[in-house]
Amino acid sequence: MLDSKLRFILQRCVVFGQAKQVHGQLVVNRFNHLESVLVHQTLLLTKEFSRNVVNYVRRILKGVNGLDSFSWGCLVRFLSQHRKFEETVGVYIEMHSSGVPPSSHAITSVLRACGKIENMIDGGNSIHAQVLKSGFCGCVYVQTGLVGLYSRLGYIEMAQKAFNDIAEKNTVSWNSLLHGYLESGNLDEARRVFDELPEKDVVSWNLIISSYAKKGDMGNAVSLFLVMPLKSPASWNILIGGYVNCREMKLARTYFDTMPQKNSVSWTTMISGYTKSGDVQSAEELFKQMSKKDKLVYDAMITCYAQNGKPKDALKLFSQMLESNSDVQPDEITLSSVVAANSQLGDTSFGTWVESYITEHGIKIDDLLRTSLIDLYMKGGDFAKAFKLFNDLYKKDTVSYSAMIMGCGRNGMATEANHLFIEMIKKKIPPNLVTFTGLLSAYSHSGLVQEGYKCFKSMKDYNLEPSVDHYGIMVDMLGRAGRLEEAYELIKSMPMQPNAGVWGALLLASGLHNNVEFGEIACSHCVELETDPNGYLSHLANIYTSVGRWDDAKNVRDAMGEKKLFKTLACSWIESSV
DNA sequence: ATAGGGTTAG
């Protein structure tokens, strides 16, 4: 009787944020057995993740005498719900080694966490073994947790086996299996499971629809969407996401505008869609309309600016994010975009700021953030720092190698670039177009034409088709070396239309070697391709001057600013060059 | 159990 009254009072107190005072009273009055209620209530009422709450609960758990399976389970579940998966596993292990038997909540939560961590199959297996010993092997929730674990880690046969063992399967069990087939890419089998599913709920529908949407099969996605009996906001968001992936922003917008209950996922999806299609203005409009902005929306908008050549706007928004006293705090994802923005501005000093910010706020530096820092330091010429960060990478990949090689390329460090390239090939890390941009510019800056040529030719060995930019670098390299004829031949052999950059490289080289013939050809193309031709024309005029053709130089200078005149000039040059 | 944010070139 007393207990139930106390329980009630306790709950009210926690609601009013007085957990700590109540806890003191409990200890003084030796009502320690009620501490688990306190833990439970505290965690239940904590909607946002809070480090303080976790520390507080852990302190209580450490102080509790005797086994409190329930409280530990609450904490494990809390961590898992807030996506702190490594910590979930850590606390579970701590609980286990304290001799506390796991509750079913603890098991399902830790299984979920294992499924979200890469290479956690061993951990998952040992928990599976514990389940078999624990007496929870007949519990649907735990068994379903096992299906989910194997599904997420990609062991679909194991998932199917765990599923078969469930005596009374519920919809969640079915959905977990469905998820497994979708993850393994077996859409046909997934569809079979879906069709067999006795009581489809909104998640079953969302799962199958999202797999069609991910594949870009919007026809199937929409027709299922239309017939599903009850739509959740997620259903709408899945469709919007599907259209975003197909770059069908108009259609995405139609669904976004018609959906009855937009949530912040809907807004973020739209903003990142506009980011990818370069429509900063539409993204900005949506962002401004949003009333309650969460961290992910801020991230999306900062990235939008950073990826669309507006690094200053990215930084402005970032400082707004820091100033707002709400609960949006930057993390490693925010910072990777912010660092990228600073790289564009060439502000290396920012690196120092970020690094101290990271230490102060306990943000973990992951490989993506590290890669953006590498780029920042390489651009700023702080090679020692960049190489240190590079060596600290947990897993070096195409992007991080390319960032290094690009940095070497910019700074004419051909030996280092080549060394890095050989290393990545040895490690079977596939190079991409960016890698070769870096490599070629390294050779170009060092005047290593032979090596550059070989490198350019080798692109096809990696199934890479050189882009306009690669041709541009090659033309620049050959041209600087005085091999203008070859450069011109290369341009003529291009499978795509040369752009102003390519012709500009030839023009520049013609200037370096006072070559009128190629200078005229190159200039005429540049003039055709660009709206403002004066820079090119002045280059050409200089070439004429350098060979003593004063009249021609004067003609060209007169033509500057007069569209008609240079058009006629351009025509005559093109004719004469054919 | 389903839906949203990140790094390398131009």
Side-chain angles (χ1 to χ4, degrees), chain A residues 108 112 115 141 144-145 147-148 151-152 170-180 182-183 201-211 213-214 231-242 244 259 262-273 275 294-304 306-307 309 328 330-341 343-344 365-376 378-379 389 393 397-407 409-410 431-441 467-470 472-473 499 501:
Chain A
T108 48
R112 183 175 119 91
Y141 300 106
T144 300
V147 177
S151 284
R152 264 192 291 269
N170 62 26
T171 303
V172 179
S173 326
W174 279 92
N175 287 346
S176 300
L177 183 71
L178 178 58
H179 184 214
L182 295 173
E183 277 290 286
D201 67 358
V202 66
V203 175
S204 328
W205 286 92
N206 287 348
L207 275 167
I208 193 87
I209 293 173
S210 90
S211 73
K214 265 189 201 125
K231 299 165 183 47
S232 66
S235 325
W236 292 85
N237 291 336
I238 289 164
L239 273 204
I240 294 172
V244 160
M259 73 184 288
K262 302 185 216 333
N263 58 24
S264 66
V265 178
S266 329
W267 295 84
T268 315
T269 310
M270 286 302 294
I271 290 173
S272 75
T275 299
D294 67 3
K295 195 180 76 61
L296 272 76
V297 187
Y298 269 99
D299 286 351
M301 198 59 224
I302 290 174
T303 305
C304 180
Q307 288 184 354
V328 284
D331 64 2
E332 66 277 6
I333 294 182
T334 322
L335 291 180
S336 62
S337 276
V338 174
V339 171
S343 291
Q344 290 172 43
I365 305 192
D366 65 6
D367 281 359
L368 267 81
L369 176 53
R370 213 170 243 129
T371 304
S372 62
L373 282 167
I374 288 172
D375 177 57
L376 180 79
M378 283 307 270
K379 280 203 179 93
L389 282 161
L393 283 170
D397 65 356
T398 304
V399 177
S400 46
Y401 265 105
S402 301
M404 288 296 290
I405 292 174
M406 278 298 311
R410 248 190 309 269
N432 64 13
L433 292 176
V434 184
T435 323
F436 276 96
T437 304
L439 262 184
L440 291 175
S441 69
S467 73
V468 187
D469 296 327
H470 297 97
I473 301 171
N499 60 14

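We name chains A, B, ... by the order of the sequence lines, and we start the count at 1 in each one. We use all heavy atoms of the structure for the numbers below, so side chains are in, but hydrogens, waters and symmetry mates are not.
- Qualifying ring pair (Phe, Tyr, Trp, His ring centres under 6.0 Å) partners for A:F436, counting only residues two or more places apart in sequence or in other chains: A:F421, A:Y462.
- Within 4.0 Å of A:K262, counting heavy atoms only, lies no atom of the nucleic acid at all.
- No engagement by A:S266 is indicated, since no non-hydrogen atom pair under 4.0 Å with the nucleic acid exists.
- Residues from residues 233-241 of chain A lying near DNA chain B, meaning a heavy-atom separation below 4.0 Å, are A:A234, A:N237, A:I238 in numerical order.
- Distance, A:I473 CD1 to B:dA9 P: 12 Å, rounded to whole Å.
- The CH2 atom of A:W205 sits 12.0 Å away from the CG atom of A:L178 when rounded to the nearest 0.5 Å.
- The shortest distance between the side-chain N/O atoms of A:Q307 and the OP1/OP2 oxygens of B:dT7 is below 4.0 Å.
- If you take CG of A:N499 and C1' of B:dA9, they are 13 Å apart, rounded to a whole angstrom.
- Proximity of A:R112 to the phosphate of B:dA1: a side-chain N or O atom is located under 4.0 Å from OP1 or OP2.
- The base of B:dG6 has none of its N or O atoms less than 3.5 Å from a complementary donor or acceptor on the side chain of A:T303.
- Atom CE in A:M259 sits about 13 Å away from atom C1' in B:dT2, given to the nearest Å.
- Residue-to-nucleotide contacts include no donor-acceptor pair under 3.5 Å from the side chain of A:N263 to the base of B:dG4.
- In this structure, the nucleotide among B:dG6, B:dT7, B:dA1 sitting nearest to the side chain of A:I333 is B:dG6.
- Defined by atom type and a distance below 3.5 Å, a donor-acceptor pair is present between the side-chain atoms of A:T303 and A:S337.
- With rounding to whole Å, A:M404 atom CE is found 19 Å from B:dT7 atom P.
- Side-chain atoms of A:D366 and base atoms of B:dG6 include a donor and an acceptor less than 3.5 Å apart.
- Within the nucleic acid shown, A:K214 comes within 4.0 Å of sugar-phosphate atoms alone, with no base atom in reach, counting heavy atoms only.
- With B:dT7, B:dT2, B:dT8 as the candidates, the nucleotide lying closest to the side chain of A:V203 is B:dT2.
- The CD1-C1' distance, from A:I271 to B:dG4, rounds to 10 Å in whole Å.
- Under 3.5 Å, the side chains of A:N432 and A:T398 contain no donor-acceptor pair of N or O atoms.
- Judged by atom type and distance alone, A:T269 does not reach the base of B:dG4 through any side-chain donor-acceptor pair under 3.5 Å.
- We find that CG of A:N206 is positioned 10 Å from P of B:dT2, with the value rounded to whole Å.
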(request) Walk me through it: do A:T171 and A:S204 pass the test side chain to side chain contact (heavy atoms under 4.5 Å, CB included)? (result) CA-CA 8 Å; A:T171 303; A:S204 328; 4.0 Å; yes
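- Applying the side-chain hydrogen bond (donor to acceptor under 3.5 Å, both in side chains) test to A:S264 and every residue at least two apart in sequence or in another chain returns A:D294.
- Of the candidates B:dT8, B:dG4, B:dA9, the closest approach to any side-chain atom of A:V297 belongs to B:dG4.
- Summarising the geometry, the separation between CG on A:D375 and C1' on B:dT8 is reported as 6 Å, rounded to the nearest angstrom.
- The distance from atom CG of A:L389 to atom P of B:dT7 is 17 Å, rounded to the nearest whole Å.
- A:S336 contributes a side-chain N or O that forms a donor-acceptor pair with the base of B:dG6 under 3.5 Å.
- A:L433 contributes atom CG, which lies 6.0 Å from atom OG of A:S467 (distance to the nearest 0.5 angstrom).
- Looking at heavy-atom distances under 4.0 Å, A:L369 makes contact with a base.
- A donor atom on one side chain and an acceptor atom on the other are not found under 3.5 Å apart for A:S272 and A:T275.
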